[in-house]
Amino acid sequence: MDQDRMMDEQLQKKVADLTARNDETGDGKLDAADLKAQLNRLEAQLELQDQQNRRIMRNQRLRMMMSVAITLVLLVALGAFWYYSHTAYTQVMDATSHVNELAATLQASLDSVDPEALDSMMQDLPQITEQLKRIDVDALNTVLDKLPALMNDLSQIQSRLDSLGAWFGNLGAMFQS
């Protein structure tokens, strides 16, 4: 029985401690006013916690949207970098291909030239260079600018001579008949 009594005393002591801590009004007993005060405090705590939870959720959504936006920007930048690097790579490969073709053509041309003829051309190269240095570039450009008109005039003269030749041919044919 001693044990039962000790357990009862411990239980009463715990209830008294709980009652003392739950005494909101300070009157030494647990009543409806204490429970109402505790309820109001709990509601205030819950409201505060709700506001904090809403702020946390808003911040989490904002962080998530910013992460998505940054990821999209990085993906677009990566895509642009890939596109331009691919374009540059293609252009470099095309240029390399053209250079290789030119080198092959030049090598084929050099292979087809007689070594003695090539040597002769190389001996004449300084003389040709000197002659080219003496050319008046402005005069050459003027001549080249007027060349199409001159060719047109020559074409017209040729057509007139052809028509005149045909007329004299017809005239000669008339006198022979």
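All values derive from a computational prediction rather than experimental measurement.
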Looking at [atom1] of [X] and [atom2] of [Y], how far apart are the two atoms once the value is rounded to the nearest 0.5 Å?
X    : Y    : atom1 : atom2 : result
M57  : D50  : CE    : CG    : 11.5 Å
L62  : R58  : CG    : CZ    : 9.0 Å
L154 : S159 : CG    : OG    : 11.0 Å
I56  : Q49  : CD1   : CD    : 9.0 Å
T142 : L147 : OG1   : CG    : 12.0 Å
L150 : L144 : CG    : CG    : 11.5 Å

[X] side chain near [Y] side chain, heavy-atom distance below 4.5 Å:
X   : Y    : answer
Q45 : L42  : yes
V68 : M65  : no
S97 : E101 : yes

> Does E116 offer a backbone N or O that forms a donor-acceptor pair with the side chain of S120 under 3.5 Å?
Replying inline: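 No, because the side chain of S120 does not come within donor-acceptor range (under 3.5 Å) of the backbone of E116.
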
> Is there a donor-acceptor contact under 3.5 Å from the side chain of T96 to the main chain of V92?
Replying inline: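 Side chain of T96 to backbone of V92, a donor-acceptor pair under 3.5 Å: yes, one is there.
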
>> Within a 6.0 Å radius of atom CD on E47, are there more than 12 heavy atoms belonging to other residues, nucleotides or ligands?
In response: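 Count not over threshold, so no.
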
Given the rule that I, L, V, M, F, W and Y join up when any side-chain heavy atoms are under 4.5 Å apart, are [X] and [Y] in one cluster?
X    : Y    : result
L106 : L102 : no
L132 : L140 : yes
I157 : L164 : no

> Of all heavy-atom pairs between S109 and S112, which one has the smallest distance, and what is that distance?
Replying inline: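 Taking S109 first and S112 second, the nearest heavy atoms are O-OG, 2.8 Å.
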
>> Pairing donors with acceptors under 3.5 angstrom, does anything connect the side chains of Q158 and D162?
In response: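 Present: a donor and an acceptor within the cut-off.
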
